[in-house]
**Student:** 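Here's a structure for you.
Residue numbering restarts at 1 for every chain, and letters A, B, ... go by the order of the sequence lines.
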Amino acid sequence: MSEKKVRVRFAPSPTGPLHVGGVRTALYNYLFARHHGGDFILRLEDTDQTRFVEGAEQYIIDSLKWAGISPDEGQGFGGDFGPYKQSERKAMYKPYADQLIEQGKAYYAFDTPEELDQMRDNAKKMGMPNWQYNSITRSNMKNSLSLSQEEVEERLKNGDPYVIRIKMPRDMDIKFEDIIRGWVSVNTNNLDDKVLFKADGMPTYHLANIVDDHTMEISHVIRGEEWLPSAPLHQFLYQAFEWEAPKFAHLPLILKPDGPGKLSKRDGDRLGFPVFPLNWTNSEGEVYSGYKESGYFPDAFVNILAFLGWNPGDERELFNLDELCKEFTLERVGKSGAKFDPDKAKWYNQQYLRQRSSDELADLLKGYIAENGLQNTSFEMAPICELMKERATFIKDIYEDGKYFFEGVTSYDEKTTRKKWKEQTTGIMTEWLETAKSIEDYSADHVEEQFKAFITSKELGLGAVLPNFRLLLTGVGSGPSLFSIAEILGKEEVISRMETGIAKITELKSQEA
RNA sequence: GGCCCGUUCGUCUAGUGGUUAGGACGCAAGGUUUUCAUCCUUGAAACAGGAGUUCGAUUCUCCUACGGGCUGCCA
């Protein structure tokens with residue numbers, strides 16, 4: 001049976017940026033291909049010329065690359081089955097439509113869009129919300145089944161606009177087995193005579209899709225659930241052409257985190273999380289945020305998406321791409337839609353951040369600083385990352401929570417100053433400053449030892465003194481081990497920060513009084 | 001409205017004809033910590049409802065409810 005090589009395709013329409021649902025579909029295709037040693041193909045379905053969006057094609061390619069799931073062949077990636085863009089394959093489709101006409105499986109229809117709108121409107125007014133062009137109604141329409149042969153020829157010769165529609169038979173059950181959903185069955189009485197070929201000379205999605213999947217030797221069609229209703233039509237077309245149909249797998253949809261409905265473009269920025277892999281600026285100049293720019297790692301992003309509808313069947317949750325390729329099967333994909341959980345997404349990123357070495361984080365942090373034109377530091381970046389990574393979710397947290405390493409101390413946290421800096425503190429800190437000056441070894445352990453000896457000799461409590469020391473070195477009331485911070489800053493900087501800090505806080509305090 | 005698909009903690013989910021229905025995120029409490037975060041422990045939290053089938057159904061069947069998708073010369 002399926003000795004055939006596994007070949008799957010991701011076939012988006014370049015009408016805008018890809019959102020996470022689309023990327024997940026691409027990911028599942030990629031994982032399936034890798035798991036079976038097959039090919040993953042990118043095909044652009046741009047048969048609707050009115051919906052062309054500048055930059056969308058490149059956006060799709062860039063997104064897949066960023067996520068690390070580049071196609072083996074396809075638009076922008078080469079291959080032997082090209083072109084991979086339907087607008088460039090335009091000439092291929094007509095003969096297939098003609099073949100169906102010759103075989104009596106399809107027919108010409110001359111009804112104008114206006115006439116069809118009129119039909120639907122009238123039907124609606126008469127209480128029929130779903131008027132369809134089908135085996136019943138087609139006899140009342142202008143087509144090659146209802147018109148005389150002479151008139152049809154006349155119209156064709158005159159160059160009257162026409163479409164080609166499938167002639168859906170009456171009362172026939174179409175069944176197919178979906179890998180995820182099992183047997184799906186629909187009666188053709190509920191199906192309409194879909195347009196296969198448009199008046200502008202382009203095929204519709206339905207025709208192009210079948211012809212391309214067949215000629216590109218696609219073995220499995222893995223796509224979103226929104227295609228399930230047209231799957232019977234596609235099945236019927238394979239039969240009409242007498243082609244072996246690929247296997248189908250319809251993926252559940254990704255839903256909004258709050259109310260009902262599938263995740264849409266606006267949800268992300270409304271709810272404070274991205275729905276797109278990369279930033280996207282529309283023609284009006286509005287920017288929609290992307291995972292990349294929001295600080296997500298590609299591997300975390302992939303992990304998040306993989307688990308929206310799939311799981312390994314045990315309790316592991318952290319999977320990199322290689323592991324996913326090894327373990328992914330369509331049989332373990334769920335049937336029901338998943339609501340996107342922004343909190344869980346952050347948690348994943350945090351896990352991946354912590355897995356990274358301090359050197360790796362240091363490089364990323366340098367990139368972040370450069371990209372955003374932020375203040376660089378003369379301190380070693382890796383130890384800072386080592387110190388901050390436990391409490392960070394994104395690279396930017398390392399910078400923001402450790403600003404004092406980069407921008408120095410620019411202010412003193414009001415609350416901590418008010419609550420912890422007592423009258424006698426200035427004196428204590430000045431004494432500690434003198435001691436600190438005499439210390440040569442500024443390793444964290446040694447500073448801690450000296451500090452503790454100091455407070456013991458003064459009969460002071462750690463909780464009363466340390467927050468003030470922290471205030472002097474960082475300007476903030478909380479953070480990682482202060483002694484480690486001191487080690488990174490080094491003796492010179494510690495002394496200098498203490499001197500200016502004591503002076504400034506004392507001044508602030510005296511102004512209050 | 002019609003057709004199709006779905007329904008286990010708030011969310012993502014595991015799971016079985018007989019289980020204390022498991023995990024993760026989030027939430028709450030306690031512990032650790034100079035502090036914040038981390039970390040550890042504990043806790044609250046689910047089989048949509050109703051009929052069947054069965055000795056026994058969360059698990060199988062049907063109905064209802066709810067959710068979702070589709071219903072274009074869009075994909």
**Student:** Holding to ring pair (Phe, Tyr, Trp, His ring centres under 6.0 Å), I want the full list of residues that pass it with Trp421(A), two or more places apart in sequence or in another chain.
**Tutor:**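 Once residues adjacent in sequence are excluded, Trp421(A) has no partner under the ring pair (Phe, Tyr, Trp, His ring centres under 6.0 Å) criterion.
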**Student:** Using a 4.0 Å heavy-atom cut-off, does Gly461(A) contact any base of the nucleic acid, only the sugar-phosphate backbone, or nothing at all?
**Tutor:**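 Nothing, no heavy atom under 4.0 Å.
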**Student:** Any salt bridge (Lys or Arg N to Asp or Glu O under 4.0 Å) pairs touching residues 225-239 of chain A, not counting sequence neighbours?
**Tutor:**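 Residue pairs passing salt bridge (Lys or Arg N to Asp or Glu O under 4.0 Å), neighbours aside: Arg181(A)-Glu225(A).
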**Student:** Can you tabulate the close N/O pairs, meaning under 3.5 Å, that link protein atoms to atoms of nucleotides 31-38 of chain B?
**Tutor:**
unit_1: U34(B); atom_1: N3; unit_2: Arg470(A); atom_2: NH2; d: 2.9
unit_1: U34(B); atom_1: O4; unit_2: Arg470(A); atom_2: NH2; d: 3.2
unit_1: U34(B); atom_1: O4; unit_2: Leu482(A); atom_2: N; d: 3.1
unit_1: U35(B); atom_1: O2; unit_2: Gly479(A); atom_2: N; d: 2.8
unit_1: U35(B); atom_1: O2; unit_2: Gly479(A); atom_2: O; d: 3.4
unit_1: U35(B); atom_1: N3; unit_2: Arg470(A); atom_2: NH2; d: 3.1
unit_1: U35(B); atom_1: N3; unit_2: Gly479(A); atom_2: O; d: 2.6
unit_1: U35(B); atom_1: O4; unit_2: Gly479(A); atom_2: O; d: 3.4
unit_1: C36(B); atom_1: O2; unit_2: Arg391(A); atom_2: NH1; d: 2.1
unit_1: C36(B); atom_1: N3; unit_2: Arg391(A); atom_2: NH1; d: 2.5
unit_1: C36(B); atom_1: N3; unit_2: Arg391(A); atom_2: NH2; d: 3.4
unit_1: C36(B); atom_1: N3; unit_2: Gly479(A); atom_2: O; d: 3.3
unit_1: A37(B); atom_1: N3; unit_2: Arg391(A); atom_2: NH2; d: 3.1
unit_1: U38(B); atom_1: O3'; unit_2: Arg354(A); atom_2: NH1; d: 2.9
unit_1: U38(B); atom_1: O2'; unit_2: Arg354(A); atom_2: NH2; d: 3.2
unit_1: U38(B); atom_1: O2'; unit_2: Glu390(A); atom_2: OE1; d: 2.7

**Student:** Who are the salt bridge (Lys or Arg N to Asp or Glu O under 4.0 Å) partners of Asp212(A), not counting sequence neighbours?
**Tutor:**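 Expected list: Arg43(A), Arg89(A).
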**Student:** Who passes salt bridge (Lys or Arg N to Asp or Glu O under 4.0 Å) against Glu331(A), sequence neighbours left out?
**Tutor:**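 Partners of Glu331(A) under the salt bridge (Lys or Arg N to Asp or Glu O under 4.0 Å) test: none.
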**Student:** Return the pairing partner of G30(B) with a 3.5 Å limit on both distances, Watson-Crick or G-U wobble; otherwise return none.
**Tutor:**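 Pairing partner, where one exists within any strand: C40(B).
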**Student:** With sequence neighbours excluded, what pairs up with Glu115(A) under the salt bridge (Lys or Arg N to Asp or Glu O under 4.0 Å) test?
**Tutor:**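 Glu115(A) satisfies salt bridge (Lys or Arg N to Asp or Glu O under 4.0 Å) with Lys142(A) once adjacent residues are dropped.
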**Student:** Going by ring-ring contact (aromatic ring centres under 6.0 Å, His included), name the pairs with one or both residues in residues 331-354 of chain A, residues two or more places apart or in two chains.
**Tutor:**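 Listed once each, the pairs are Phe273(A)-Phe340(A).
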**Student:** Give every pair of a protein N or O atom and an N or O atom of nucleotides 61-63 of chain B that lie under 3.5 Å apart, one pair per line with the distance.
**Tutor:**
none

**Student:** Under the salt bridge (Lys or Arg N to Asp or Glu O under 4.0 Å) test, which residues partner Asp98(A), sequence neighbours left out?
**Tutor:**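 Here the qualifying residues are Lys94(A).
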**Student:** Taking a pair as Watson-Crick or G-U wobble with both distances under 3.5 Å, which nucleotide is matched to U54(B)?
**Tutor:**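 No nucleotide pairs with U54(B).
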**Student:** Under 4.0 Å from any atom of RNA chain B, heavy atoms only: list the residues of residues 159-177 of chain A that qualify, in numerical order.
**Tutor:**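 Going residue by residue through residues 159-177 of chain A, the ones with a heavy atom under 4.0 Å of RNA chain B turn out to be Val163(A), Arg165(A).
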**Student:** How would nucleotides 4-10 of chain B be written as a contact map, 5' to 3', with B for base contact, S for sugar-phosphate-only contact and - for no contact, using protein heavy atoms under 4.0 Å?
**Tutor:** SBSS---
**Student:** Under a 3.5 Å cut-off for both contacts, is C3(B) paired Watson-Crick or G-U wobble with anything, and if yes, with which nucleotide?
**Tutor:**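 Per the H-bond distance test, G69(B).
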**Student:** Scan residues 117-127 of chain A for pairs that pass salt bridge (Lys or Arg N to Asp or Glu O under 4.0 Å), counting only residues two or more places apart or in two chains.
**Tutor:**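 Residue pairs passing salt bridge (Lys or Arg N to Asp or Glu O under 4.0 Å), neighbours aside: none found.
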**Student:** Please determine, for A21(B), whether a Watson-Crick or G-U wobble partner exists with both distances under 3.5 Å, and give it or none.
**Tutor:**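 Partner of A21(B): none found under 3.5 Å.
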